[in-house]
There are 2 protein chains.
Amino acid sequence: MTDVTLREVARASGCSVATVSRVLAGTRPVGAETARKVREAAEKLGYRPNQVARALRSRSTGTVGLVLPQITNPFFPSLVREVEHALHAEGRAVLLADCDDDPEVEAARIADLLDRQVDALLIIAVDERQSRDAVGKAAAHVPLVLLDRGCGPGIADLVTTDNATGMALVLDHLVSTGRRRICFVGAAGTGSAAVERLAAYEAETKALGLHGFGPVELGDFSLEWGRAAVDRILPFRPDAVVCANDLLAIGALQRLRQLGVDVPGDIAVTGFDDIPMADLADPALTTVRQPVRALAAEAVHLLGHRLAGQNDGPRRLVRLAPELVVRASSASSASSAPRASSAPRASSAPRASSAEDTRSTRTPEVEQ
Amino acid sequence: MTDVTLREVARASGCSVATVSRVLAGTRPVGAETARKVREAAEKLGYRPNQVARALRSRSTGTVGLVLPQITNPFFPSLVREVEHALHAEGRAVLLADCDDDPEVEAARIADLLDRQVDALLIIAVDERQSRDAVGKAAAHVPLVLLDRGCGPGIADLVTTDNATGMALVLDHLVSTGRRRICFVGAAGTGSAAVERLAAYEAETKALGLHGFGPVELGDFSLEWGRAAVDRILPFRPDAVVCANDLLAIGALQRLRQLGVDVPGDIAVTGFDDIPMADLADPALTTVRQPVRALAAEAVHLLGHRLAGQNDGPRRLVRLAPELVVRASSASSASSAPRASSAPRASSAPRASSAEDTRSTRTPEVEQ
DNA sequence: ATGAAAGCGCTAACAG
DNA sequence: CTGTTAGCGCTTTCAT
């Protein structure tokens with residue numbers, strides 16, 4: 001099974017290797033007849049260009065490194081899928097690096113990918129602070145786009161979900177269905193999801209005139225904390241629990257069921273991310289769906305931009321608006337439904353959540 | 001940020017490129033003093049070997065292609081993680097290819113990976129039959145190991161879960177906790193999971209003297225079918241529903257709850273795979289956990305074997321025994337518990353499911 | 001033990 | 001438009 005080389009195709013078609021290369025790579029104009037002969041010979045011999053040789057000479061491997069904290073995080077597989085497809089559509093291949101949620105592993109993986117001459121890096125950073133160094137260094141070598149999670153300001157392009165809009169969609173929805181006694185369960189971490197969702201919750205409740213009602217419970221992004229937080233929140237007799245991600249919300253649902261609390265009758269519960277489990281929870285979880293495909297497309301687009309240009313120009317921050325997915329866990333309770341129109345921004349209509357509309361929330365060229 | 005080359009290290013250390021190469025790759029014995037100088041120079045210049053150039057010359061990229069049907073299938077992320085880690089531990093990188101569950105895409109992705117000169121392929125085949133052609137062709141070029149799903153006999157090494165053992169564990173458990181009126185919900189497909197789990201169910205129920213009781217409902221591996229199958233099974237008044245995977249089982253749980261049937265009081269439900277959702281279902285799902293880490297390790301081991309050797313020798317079929325994970329969905333109902341010891345193989349003790357014991361079910365060198 | 005030289009398979013200059 | 005010639009950065013004979 002020895003591979004056919006350009007040279008053999010050249011010999012078989014009676015012209016030089018350069019010409020064959022030109023025909024097959026489409027780099028330069030070539031005579032019609034010559035081209036035909038070359039293609040014929042290549043076809044007959046079953047010629048397949050050796051991408052490694054091509055990469056060495058052309059200084060481009062057509063390969064992009066995708067670095068992520070842990071593929072088992074339920075939010076990532078769909079993102080990986082979209083990224084993989086978007087890149088493959090451009091003829092690029094994906095080198096995958098799973099960091100086991102460890103910034104040191106992340107740094108090592110990034111270095112390895114650079115040694116392998118990836119054309120660019122797409123990174124979902126492990127940690128807002130601890131990843132910064134490795135990411136910054138890598139960005140000096142190749143085009144680099146951060147996805148989903150930031151890494152401090154100005155270090156590289158960043159494509160992420162607009163957490164503020166997502167939280168606003170949730171709160172508008174809850175208020176418009178009559179909920180007023182709202183609590184928040186989130187994470188105390190320094191990651192963008194933890195920080196931004198909490199900030200958005202506080203800003204939005206203030207704007208809606210609900211501020212200062214219930215407790216804000218901060219732990220980590222785990223099922224266990226979701227369960228535990230319920231016990232701390234329940235004494236305040238809330239009618240809604242807003243969770244900073246789906247895992248927390250599912251934990252909360254479990255604990256509430258255990259305690260015999262009716263969801264959504266007594267308390268509405270909402271999540272964030274729309275991981276696959278959200279739809280399978282019982283009751284199915286109302287949540288904020290991240291615009292996964294658009295995130296991937298935008299990130300790949302930015303990469304392409306930097307690959308085509310000179311990898312300079314200002315860093316961009318692109319925020320894509322998510323979509324509210326209303327499911328059973330926040331269905332209107334019969335008693336509170338009539339009160340719907342009492343809050344100023346209670347109607348969710350002006351903040352439509354269709355794919356078209358939310359896409360327009362994109363802020364394409366904001367310098368950090 | 002222009003990269004440092006071997007040549008520059010040679011000049012800086014006062015010796016030839018060949019020597020530098022030898023020191024850094026550890027290929028041949030080198031004088032201690034020379035080695036020191038070389039390493040020092042390399043260190044000072046921040047030299048990083050260009051893996052593409054190395055690959056071209058040495059005809060080995062240190063890269064393995066991982067081809068899978070759909071990364072969003074909830075069973076795959078943990079497998080990908082383990083494979084990625086196992087390969088990285090050997091200094092190899094993973095080129096990921098998601099096939100969108102389409103055999104044609106799969107064939108294209110495999111061809112692309114071969115063009116990129118992967119040293120080997122690890123494939124979770126999309127389809128038992130339709131993948132066979134592309135897989136067979138690829139196996140002629142590089143070492144190739146099939147993971148999780150077969151592709152017809154004798155085409156390549158295959159590492160997979162022992163479905164028969166898994167099903168036996170489930171049935172022993174159900175019988176030993178007093179269940180007798182057992183039904184099966186599975187898939188009608190031709191994939192190994194569908195076929196083998198059904199066959200194992202039938203063989204085992206026969207062995208246990210339960211054969212012929214309830215219906216065997218075959219659809220596809222979807223939540224919807226899990227729900228629908230419940231309606232078809234319920235008239236038979238079963239006390240247990242064995243499902244061929246977790247998604248089916250979760251669908252069944254949802255429908256049973258909707259109908260007000262008590263699980264596990266009235267009916268026990270079991271799944272297969274132990275996807276992350278299994279633990280979050282309510283009640284938590286009793287299921288069969290695939291030995292994910294061991295599957296990955298074994299697959300990588302076989303790859304290494306073929307990479308080291310000459311990629312000949314008989315095809316191997318390695319089946320690794322899974323582990324029963326008992327959760328709430330099959331807890332003993334108070335009424336049926338006392339009847340436990342009536343069936344011949346009812347005790348689950350002899351078929352222990354600890355990692356040690358099940359691992360020994362491995363059949364390491366079976367020729368297909 | 002070390003160096004010189006020959007490529008791996010391909011693309012990019014540079015001529016014609 | 002096409003051929004000739006270098007050479008990408010490295011490993012590997014083949015000498016010494």
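First the proteins, then the strands, lettered A, B, ... as listed; each starts at 1. Note that the coordinates shown come from a computational prediction; the quantities given were computed from them, not determined experimentally.
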Sugar-phosphate, base or nothing in reach of A/S21, heavy atoms under 4.0 Å: base
Mind checking A/R59 for me? I need base, sugar-phosphate or nothing, with any heavy atom below 4.0 Å counting as a touch. sugar-phosphate
Can you tell me the distance, in whole Å, between the [atom1] atom of [X] and the [atom2] atom of [N]?
X     : N      : atom1 : atom2 : value
A/D3  : C/dC8  : CG    : P     : 14 Å
A/E33 : D/dC1  : CD    : C1'   : 14 Å
B/R48 : D/dC10 : CZ    : P     : 12 Å
A/R22 : C/dC14 : CZ    : C1'   : 10 Å
A/N50 : C/dG7  : CG    : C1'   : 14 Å
A/L24 : C/dA12 : CG    : P     : 14 Å
A/R28 : D/dC1  : CZ    : P     : 11 Å
A/L6  : D/dT4  : CG    : P     : 15 Å

[X] side chain: which of [options] is closest?
X     : options               : value
B/S58 : D/dT12, C/dT11, D/dG9 : D/dT12
B/P49 : D/dC10, D/dT4, C/dC10 : D/dC10
A/P29 : D/dG3, D/dC1, D/dT12  : D/dC1
A/R57 : C/dA12, C/dA4, D/dG9  : C/dA12

Using a cut-off of strictly less than 4.0 Å, decide whether A/T34 has a side-chain nitrogen or oxygen near OP1 or OP2 of D/dT2. yes
Indicate whether OP1 or OP2 belonging to D/dG9 is found under 4.0 Å from a side-chain N or O atom of B/R54. no
Salt bridge present between B/D157 and B/R316 (N-O < 4.0 angstrom): no
Kindly give the heavy-atom pair with the smallest separation between A/A111 and B/R48, and that separation in Å. CB-NH1, 3.9 Å
Residue pair A/R293 / A/H85, side-chain donor-acceptor N/O under 3.5 Å: no
Would you please say whether a donor-acceptor pair under 3.5 Å links the side chains of A/T160 and A/D148? no
Roughly how far, to the nearest 0.5 Å, is CD1 of B/I155 from NZ of B/K137? 10.0 Å
Between B/L56 and B/T19, whichever has its closest DNA chain C nucleotide further toward 5' is B/T19
